[in-house]
Structures are given as structure tokens and as C-alpha cells.
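Note: hydrogens, waters and symmetry copies are ignored here, and every other heavy atom, side chains too, is used. Values in this document were obtained by computation on a predicted structure and should not be read as measured data.
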2 protein chains.
Amino acid sequence: MLDVRRLHLLRELDRRGTIAAVAEALTFTASAVSQQLSVLEREAGVPLLERSGRRVVLTPAGRTLVTHADAVLERLELAVSELAGAREGIGGPLRIGTFPSGGPAIVPATLAELAQRHPALEPMVQEIDSTRVSDGLRAGELDVALVHDYDFVPASPDTTVDQVPLLEEPMYLATGTAIDTDSARGTATRGDTLAELLGPWATTPWITARDGTTGHAMAVRACQAAGFQPRIRHQVNDFRTVLALAAIGQGAGFVPEMATARTPENVVLTRLPLFRRSKVAFRAGGGTHPAIAAFVAAARTAVGARGRTSSGSTKTSASSLKRE
Amino acid sequence: MLDVRRLHLLRELDRRGTIAAVAEALTFTASAVSQQLSVLEREAGVPLLERSGRRVVLTPAGRTLVTHADAVLERLELAVSELAGAREGIGGPLRIGTFPSGGPAIVPATLAELAQRHPALEPMVQEIDSTRVSDGLRAGELDVALVHDYDFVPASPDTTVDQVPLLEEPMYLATGTAIDTDSARGTATRGDTLAELLGPWATTPWITARDGTTGHAMAVRACQAAGFQPRIRHQVNDFRTVLALAAIGQGAGFVPEMATARTPENVVLTRLPLFRRSKVAFRAGGGTHPAIAAFVAAARTAVGARGRTSSGSTKTSASSLKRE
DNA sequence: GCTATACGTAAGCTCACCTTATGCTTGATG
DNA sequence: CATCAAGCATAAGGTGAGCTTACGTATAGC
């Protein structure tokens with residue numbers, strides 16, 4: 001019988017690219033990982049890896065084996081979730097990852113709700129880059145994470161992570177001065193397509209999120225969709241800073257509705273046909289875990305006051321799990 | 001992460017009933033199994049077993065965990081099957097279980113076909129009681145098995161074993177003397193319901209398969225369905241012996257069509273609306289293994305000459321595997 | 001060429017897991 | 001009721017799987 005621990009190593013190798021990275025993530029030495037993968041390959045009777053330069057890449061057989069590993073590990077995750085459900089009471093540590101802007105906005109309200117409902121739960125919050133959420137979940141550093149994606153920046157489908165939607169909010173264009181009086185009241189009246197709304201600011205300097213983030217990518221692609229290439233002057237993640245820069249005429253930027261609660265004077269907000277979706281992510285199969293279900297419920301309640309727009313649950317992975 | 005080896009032990013305990021039986025089947029000591037199950041229980045955080053007299057029984061949580069174990073092990077079996085498919089060539093040992101009457105009838109022709117197509121394959125045939133096939137497959141003592149079931153004796157659904165149909169053949173009533181001249185030619189003309197065909201022999205002594213076999217259960221239930229309780233005089237598994245006893249007036253018996261090729265004088269055969277279905281069974285998820293697929297194909301060819309009646313493939317388990 | 005990165009192999013150590021030994025409880029038997 | 005076997009659990013001890021450390025080799029960047 002194939003050893004699931006070795007399949008887990010193979011899966012991580014597929015995701016992370018090098019044996020050294022796998023070892024680092026799982027707190028082994030590279031040597032140990034290399035040895036275990038050798039054993040797996042011998043048991044399989046088929047080459048699973050081949051050297052490519054100074055790294056290794058998976059063979060086609062290795063990649064199909066990874067899909068089986070995904071399925072097996074998802075089912076094991078489901079099993080532990082059900083076991084946790086069979087234990088009465090919800091308690092113990094819950095490692096929560098959050099995107100930076102979720103820190104002030106969603107997390108405190110969610111934790112307050114959670115603490116009230118399940119006092120025995122010990123939430124541990126950690127800011128984490130959205131690109132590293134999947135790795136963190138799989139490595140067990142995180143149990144659940146707040147993530148988001150934007151239009152124009154589709155989340156890459158990842159069968160190892162399940163997501164439930166939490167909040168869908170429109171994005172606003174924040175500018176210091178209005179192009180004309182019609183749009184000065186923060187409501188677009190000249191037109192409502194992205195091109196019409198963004199077009200007037202084609203030559204303006206832009207304020208976007210830092211390079212490499214999804215917020216940055218969203219800004220660039222939205223401008224491209226509107227027909228121009230944004231001239232980026234400032235790269236700032238904190239939306240309050242974006243608003244402050246816009247207020248002093250340093251350029252135009254995108255902010256989600258949630259960040260518009262305290263908008264400085266001199267900033268004009270224009271609602272865009274462009275949305276940010278916040279979600280709760282967790283390991284595939286983990287949706288039935290009572291602590292995770294409780295977190296999702298608490299987060300929904302927390303953002304409910306701010307008006308959540310979508311309440312159903314979707315699933316990115318291909319399996320047939322259901323959750324309430 | 002739950003250890004799959006321990007889940008395997010739990011599954012076997014569910015199937016076999018005692019820790020001692022699990023240990024015996026997997027060639028461990030009972031102590032080792034007991035210790036591993038204790039560890040599993042501790043990891044699960046929920047009671048999985050409880051003593052019941054001098055045995056242990058699974059708790060509800062334990063039983064649901066077994067369903068997860070089934071799913072995981074099936075997926076692992078599918079993985080090894082695909083790996084075997086990735087290896088070129090079909091070879092190595094193939095442990096074949098067969099019901100006793102399959103010995104002379106199906107097995108030799110199948111092995112001949114198999115040897116011709118895949119010379120590197122090393123088939124190892126072993127007669128096995130149909131009630132022990134499932135255990136043998138799961139324990140790895142067998143890779144594939146010929147089994148059959150009868151009307152009135154539905155095979156208990158077993159999610160750990162997949163089956164593909166091989167042959168559906170009518171059963172015949174074998175008697176020494178005809179009740180009347182109409183049925184003396186071996187063809188029923190008085191009626192065609194089971195009650196009409198068997199009714200005249202209600203008071204005759206019967207020859208059935210040995211107690212505890214599916215053949216025996218089929219005989220008893222068929223007679224009950226016809227409205228009487230058979231008076232069983234002889235219990236013999238070998239159909240040639242059944243025919244020989246019927247020939248000398250020792251009673252009536254059931255034989256499948258396959259056994260009627262060499263029918264002695266003085267035996268009257270009456271075709272019954274009652275069927276025996278022969279199947280090939282293997283571990284759930286193993287249907288894509290090239291050696292098993294080759295065995296199925298060879299068996300189909302072997303029985304093809306005898307006129308197989310059903311050619312599709314069905315599946316008893318609930319998963320979504322497909323095979324050609 | 002020099003250096004850092006990445007992987008593989010050899011050697012040795014440690015702990016998980018198995019066996020043996022033993023005891024307790026249960027159920028069957030006379 | 002006494003006896004015995006079946007079944008499970010625990011304690012004690014041995015050993016091999018799997019880890020780390022150490023080192024060698026090949027590649028990519030400077």
C-alpha cells in the first residue's frame with residue numbers, strides 16, 4: 001500500500017517546486033525528503049521525478065499520482081473534521097490567516113463574535129500574503145484564512161483549498177479633483193461602463209497596491225480594460241493611505257467600499273462596476289470541521305452588519321463535498 | 001494527519017469483528033493491533049471502540065470513520081492501478097480466487113487465454129469460499145476472484161469490492177423421473193412460473209449444495225418461493241455428483257447450465273426462470289489495474305464461447321469509478 | 001573560475017512499532 | 001460453582017524505518 005505521508009511529500013513537491021522548499025515547509029531536512037521520495041518512486045515502480053538542471057520535476061506519472069494524493073488527503077481532512085464534530089464542544093487553537101486589509105476591518109468583529117459563541121476557542125491571527133495562503137493551509141500553519149479576489153484577477157483553481165464567499169463589495173475610484181461637475185458628487189452620471197468611468201483619468205498618475213499583489217494586478221488590468229496603461233506613481237497597500245494621497249492630488253486609486261467609511265475631505269469617490277470578493281478559505285475537506293464552520297458563521301455575522309451581498313456557498317475544488 | 005495504516009486496522013475490525021481476527025488476517029499479534037487502535041483512538045479524540053463482553057464493537061464515530069477509510073483505501077487502490085498501467089507490459093504474480101465449481105469450467109480456459117496474451121503474468125489460482133472472498137481481497141491474499149450469486153440470494157453490498165459481470169446462465173431442475181410426459185423432454189410446457197415448475201417436486205427429497213453456501217440458500221429460498229419447504233437429503237457441492245444422484249432417483253436438484261454439458265442418461269432437465277450470475281471481483285478501485293483488466297478480458301473471452309448473456313459492466317460500490 | 005543552490009548518498013542514531021510475557025474479564029462447559 | 005478458553009489490554013524489551021549530519025556532485029549566476 002502506498003504510504004500517504006510520501007504522497008503528501010510528492011504533492012508538496014509538485015506545488016513548491018524544489019525538494020528543499022518542501023523540506024523547509026514541513027520542517028525536515030532536504031535529505032529526508034529526498035530519501036522518502038526515492039522510496040516512493042521505488043514502490044511505484046515508475047519514474048516519478050526527473051532532474052531538470054539542479055531541480056527535479058514530476059513526470060506525467062508523478063503528476064497523476066499527485067491528483068490521487070489530493071483526493072486521499074482531502075478525504076482524510078474530511079474524516080478529521082467529522083471526528084472533531086463528534087467531540088462535543090468547540091475549542092482549542094484555531095490558526096487564522098488574514099490579508100492585511102482584513103486586519104482592521106473584518107477580523108476584530110469576527111473574533112469578538114467567535115469569542116462570544118465559543119469561549120473555548122483560541123484564535124491565533126496571522127497576516128499572510130494571499131499568494132502564500134494555500135501553502136500555509138496545506139502545511140498546517142493555518143487552519144482557515146480570509147482571502148479575496150478581484151474582477152480581472154481570477155483566483156487560480158486549487159483543488160487543495162475550498163472557499164466560501166463572505167462579502168462582495170464594489171470598488172470605488174478615489175480621485176482628488178473631479179474632471180467635471182457631473183461626477184463631483186461621487187455618483188457617475190456620464191456613463192457607467194468601466195471605460196467611460198476610468199477614461200478621463202488615463203493620463204493621471206495612479207496609486208495602486210504594491211507590486212506582486214492581486215490589488216496591483218487588478219488596478220493594471222482594469223485600466224488596460226478601459227483602454228490605457230496606468231502610469232503608476234505610488235505603491236501603497238493601506239487604503240487609508242491611498243485615500244490620503246488622493247486627497248492631496250497625488251493621483252487616482254482604487255478602494256473597496258469597506259475602506260470608504262472614513263473618507264477624507266477633497267476625495268471624490270466614484271462607484272465602479274468592479275467588485276472585490278472576500279472569502280474564507282480552508283483545506284479541502286475541512287468545511288465540516290466545527291471550528292471552521294463556526295469561524296465562517298461568525299465572519300458572516302460580522303460582515304452582515306456591513307451588508308453582505310452574496311450568501312450562498314460555492315466550491316472551487318472538483319469534489320462533491322457539501323456544506324451548509 | 002490520520003495514519004492510513006491504522007484506519008485500515010479499524011476497517012478490518014469492523015469487518016471481522018475481533019481484534020484477534022484482524023491480527024490473524026494481517027499477520028500481526030493481537031497486541032500490536034490493540035496498541036495501534038489505541039493510538040488511533042487517542043489521535044481521533046473520540047471513543048472509537050467500546051468493550052462488549054469480551055469483544056470490542058465500533059462506536060458510531062468509529063463506523064463513520066470506517067466509511068472514510070473505505071474511501072481513502074479505494075482511492076489508493078486506484079492510484080496503484082494507474083501506476084501499474086504506467087509501467088509498460090503486464091507481468092508478475094496475479095492471485096486468483098475461484099469458487100470451487102469455477103475450477104473445471106471457467107478457470108482453465110481463462111488461464112490459457114491469459115497465458116497467450118500476457119506470458120509474463122504468473123497466475124496463482126486458489127479455491128476459496130465465496131463468503132471469504134471479500135476478506136481475502138482486502139487482506140491482499142487475492143487480487144481478483146471469480147464469484148457468483150443467485151436469484152433469491154442477493155450479494156450483500158460491499159463498498160470495498162467492485163464486480164464486473166461475466167456470465168448469466170439459467171438454472172435447471174435435474175430430476176430422475178418426469179412427473180408427466182409433457183415435461184419429459186426437458187422443456188416445460190405446463191407452465192413457466194417457478195411455482196408451477198417446482199410444485200410437483202414438493203414432496204421429493206432434494207439434493208442441494210452444502211449448508212452455509214449460497215447455492216444451498218438459493219435452493220431453499222427458491223423452494224420456499226414455490227410454496228414448500230424442501231426436504232433436503234443430500235448436500236453436495238459438485239454438480240456432476242448432483243446429476244449422478246438425480247440419475248439414480250435420489251432426488252431433485254438445481255444445476256447451472258454450464259454443468260449440463262455432460263448430463264447422464266435418465267436425468268430430466270427443466271429450465272427454470274432462475275439465474276446464476278458469475279462475476280469477477282476485485283478490490284474497489286482496482287478495476288483499472290492492467291493485470292485485472294486483462295483477467296476480466298480473458299475471462300470474458302473464455303466464457304464467450306459458452307455464450308455470455310450480459311456484457312456491460314456494473315458496480316456495486318457507491319463511488320464514481322468507471323472502467324471500460 | 002568562483003560561489004551558492006539543489007539534489008543525492010553514506011553513516012549513524014533514535015524512536016515508533018512490533019513481539020513476548022502477563023494479567024484481567026467474559027462466556028462456555030461440566 | 002469451578003474450570004478453561006477466548007479476547008483484550010498493558011508492561012517490557014528489541015529492531016528496523018526514517019531522521020539528521022556530513023559530504024560529494026552538478027548546475028546556474030557572477
Side-chain angles (χ1 to χ4, degrees), chain A residues 1-59 61-63 65-66 69 73 76 135 139-140, chain B residues 1-59 61-63 65-66 69 73 76 135 139-140:
Chain A
M1 189 166 52
L2 292 169
D3 187 325
V4 175
R5 290 179 64 245
R6 297 190 179 114
L7 292 180
H8 182 59
L9 294 178
L10 189 71
R11 169 168 98 155
E12 290 305 309
L13 178 60
D14 185 43
R15 300 284 192 283
R16 298 179 190 267
T18 72
I19 287 178
V22 174
E24 205 266 329
L26 305 187
T27 61
F28 285 129
T29 60
S31 176
V33 175
S34 175
Q35 288 176 51
Q36 290 303 309
L37 289 174
S38 294
V39 174
L40 178 62
E41 203 164 11
R42 187 152 38 78
E43 286 175 348
V46 181
L48 300 176
L49 315 177
E50 56 185 2
R51 303 249 355 190
S52 166
R54 56 184 172 187
R55 350 186 64 186
V56 290
V57 295
L58 272 65
T59 63
R63 249 173 287 118
L65 191 52
V66 166
L73 292 165
L76 286 174
D135 286 347
Chain B
M1 188 167 49
L2 292 170
D3 186 326
V4 174
R5 290 179 66 244
R6 297 190 178 116
L7 292 180
H8 183 58
L9 293 179
L10 189 72
R11 169 168 98 155
E12 290 303 310
L13 178 60
D14 185 45
R15 300 286 191 283
R16 299 179 191 266
T18 71
I19 289 179
V22 174
E24 204 266 327
L26 305 187
T27 60
F28 286 129
T29 61
S31 175
V33 175
S34 175
Q35 289 176 50
Q36 290 304 308
L37 288 174
S38 294
V39 174
L40 178 62
E41 204 165 10
R42 188 155 37 78
E43 286 175 347
V46 181
L48 300 176
L49 315 177
E50 57 185 2
R51 301 243 4 185
S52 164
R54 56 184 172 187
R55 351 184 62 183
V56 289
V57 295
L58 273 65
T59 62
R63 249 172 289 117
L65 190 52
V66 166
L73 291 165
L76 286 175
D135 286 348

Below 4.5 Å, heavy atoms only, C-beta onward: do [X] and [Y] meet side chain to side chain?
| X | Y | value |
| --- | --- | --- |
| B/Leu2 | B/Leu65 | yes |
| B/Leu40 | B/Leu10 | yes |
| B/Leu76 | A/Leu7 | yes |

Whole Å only: how far is the [atom1] atom of [X] from the [atom2] atom of [N]?
| X | N | atom1 | atom2 | value |
| --- | --- | --- | --- | --- |
| A/Asp3 | D/dC19 | CG | C1' | 14 Å |
| A/Arg54 | D/dT27 | CZ | P | 11 Å |
| B/Arg55 | D/dC8 | CZ | P | 7 Å |
| B/Arg16 | D/dC8 | CZ | P | 13 Å |

Donor-acceptor pair, distance only, cut-off 3.5 Å: does the side chain of [X] make one with the backbone of [Y]?
| X | Y | result |
| --- | --- | --- |
| A/Ser38 | A/Ser34 | yes |
| B/Glu50 | B/Val57 | no |
| A/Thr59 | A/Pro47 | yes |

Segment of DNA chain C, first to last nucleotide, that comes within the 4.0 Å heavy-atom reach of chain B: C/dC17 to C/dG27
What residues 23-45 of chain A contributes to the DNA chain C interface at heavy-atom separation below 4.0 Å is A/Ser31, A/Ser34, A/Gln35
Closest-nucleotide mapping onto DNA chain D: is A/Arg51 or A/Arg6 further toward the 5' terminus? I mean the 5' end. A/Arg6
side-chain contact (heavy atoms from CB on, under 4.5 Å) between A/Asp3 and A/Gln36: does it pass, once the steps are laid out? CA-CA 10 Å; A/Asp3 187 325; A/Gln36 290 303 309; 5.6 Å; no
Salt-bridge criterion met for A/Glu24 and A/Arg16 (N-O under 4.0 Å): no
